[in-house]
Amino acid sequence: MKRILKPVTYILAAIYFLVDAVFMAVARPISRWIGRHLQLKRLRGWIRSLSPYCSLALFSVPVIILEPVKPVAAYLAATGQVVSGAVTFIIGELLKLVLVERLFHLTRDKLMRIPAFAWAYGKVTEVRAWLQATEAWRAVRALGRAARDTVARARARLAGGFGRLVTTRD
């Protein structure tokens, strides 16, 4: 039984981390945009004034608030409201990741003073580097770039066609 469950566990973990990586690819630009456009100086100052362990505890807030969104999304999907469930899941996960990304950006230096956190962060970084070096990761990235380029070309054609439509009516 253990031999059977071990590969399944690895596959589920890989799927989870890949989905998380996809969400992070969307969450990071949103987080950077928020950092550039929302000037919450008092809140930012308060967060930066926290000690390393209080900074670490602060990460639990978005998780505690937004983690219950997943069972709600699952319930919606199970009751036939698949689109509502998917939208709920996506928005909740993006909000959580954006908040965690902003918090990490503000507290990274302090968190690295905690030996266990620095060790775990180093291990996560190693695993991420190993994953990104795999052929499967490179193939998925190439597919993503090709899809993004296709969407950009279609958008440009659509905008060009709309521009011609507007100029011909004048």
Side-chain angles (χ1 to χ4, degrees), residues 1-38 40 43 47 56-108 111 120-121 123-163 165-166:
M1 187 67 157
K2 192 175 183 180
R3 263 189 312 172
I4 294 170
L5 290 179
K6 191 173 183 179
V8 170
T9 303
Y10 283 131
I11 290 169
L12 290 175
I15 291 170
Y16 177 81
F17 284 118
L18 286 173
V19 168
D20 195 47
V22 168
F23 275 102
M24 282 306 292
V26 174
R28 274 197 183 110
I30 294 170
S31 178
R32 288 183 187 125
W33 184 88
I34 288 171
R36 284 190 311 270
H37 292 89
L38 282 180
L40 304 172
L43 180 60
I47 291 170
L56 183 62
L58 189 59
F59 278 91
S60 65
V61 174
V63 173
I64 289 170
I65 292 172
L66 294 169
E67 198 62 29
V69 168
K70 288 179 184 175
V72 169
Y75 171 78
L76 289 171
T79 57
Q81 301 173 42
V82 177
V83 173
S84 296
V87 169
T88 301
F89 177 80
I90 289 169
I91 290 173
E93 194 67 19
L94 279 175
L95 274 173
K96 182 176 72 173
L97 289 173
V98 165
L99 289 172
V100 168
E101 175 74 19
R102 290 301 311 150
L103 286 173
F104 185 72
H105 177 74
L106 292 172
T107 61
R108 183 182 188 278
L111 293 172
Y121 183 75
K123 293 299 179 189
V124 166
T125 303
E126 287 175 16
V127 169
R128 184 184 302 151
W130 171 82
L131 181 63
Q132 290 174 347
T134 63
E135 186 65 34
W137 183 267
R138 287 193 297 268
V140 168
R141 295 286 296 182
L143 286 172
R145 281 191 296 275
R148 187 178 59 231
D149 293 345
T150 302
V151 168
R153 282 192 304 273
R155 184 183 293 165
R157 277 195 312 265
L158 184 63
F162 182 72
L165 178 67
V166 170

Phe59: what forms a ring-ring contact (aromatic ring centres under 6.0 Å, His included) with it, not counting sequence neighbours?
none

Thr88 OG1 to Glu93 CD distance, which is reported to the nearest 0.5 Å:
12.5 Å

Contacts of Leu58 that satisfy side-chain contact (heavy atoms from CB on, under 4.5 Å) - sequence neighbours left out
Trp46, Ile47, Leu50, Val61, Leu103

Pro62 to Val100 - nearest heavy-atom pair and separation
CG-CG2, 4.1 Å

Please name all residues satisfying side-chain contact (heavy atoms from CB on, under 4.5 Å) with Val82, sequence neighbours left out, ordered by chain then number.
none

Residues forming a side-chain contact (heavy atoms from CB on, under 4.5 Å) with Arg155, sequence neighbours excluded
Val151

Tyr75: ring-ring contact (aromatic ring centres under 6.0 Å, His included) partners, not counting sequence neighbours
none

What's the spacing between Leu111 CG and Tyr121 OH if we round to 0.5 Å?
10.0 Å

How long is the gap from CG on Leu99 to CG on Leu66, to the nearest 0.5 Å?
6.5 Å

Gly85 and Ala73 have their tightest heavy-atom pair at O-CB, 3.2 Å

From Leu56 CG over to Phe104 CZ, what is the distance, rounded to the nearest 0.5 angstrom?
11.0 Å

Which atom pair, heavy atoms only, marks the closest approach of Pro68 to Pro71?
O-CD, 3.1 Å

Separation between CG (Leu158) and CZ (Arg153), nearest 0.5 Å, reads 14.5 Å

Report yes if some heavy atom in the side chain of Lys70 is under 4.5 Å from a heavy atom in the side chain of Lys96; otherwise report no.
yes

Contacts of Val87 meeting side-chain contact (heavy atoms from CB on, under 4.5 Å) (sequence neighbours excluded), chain-then-number -> Val83, Ile91

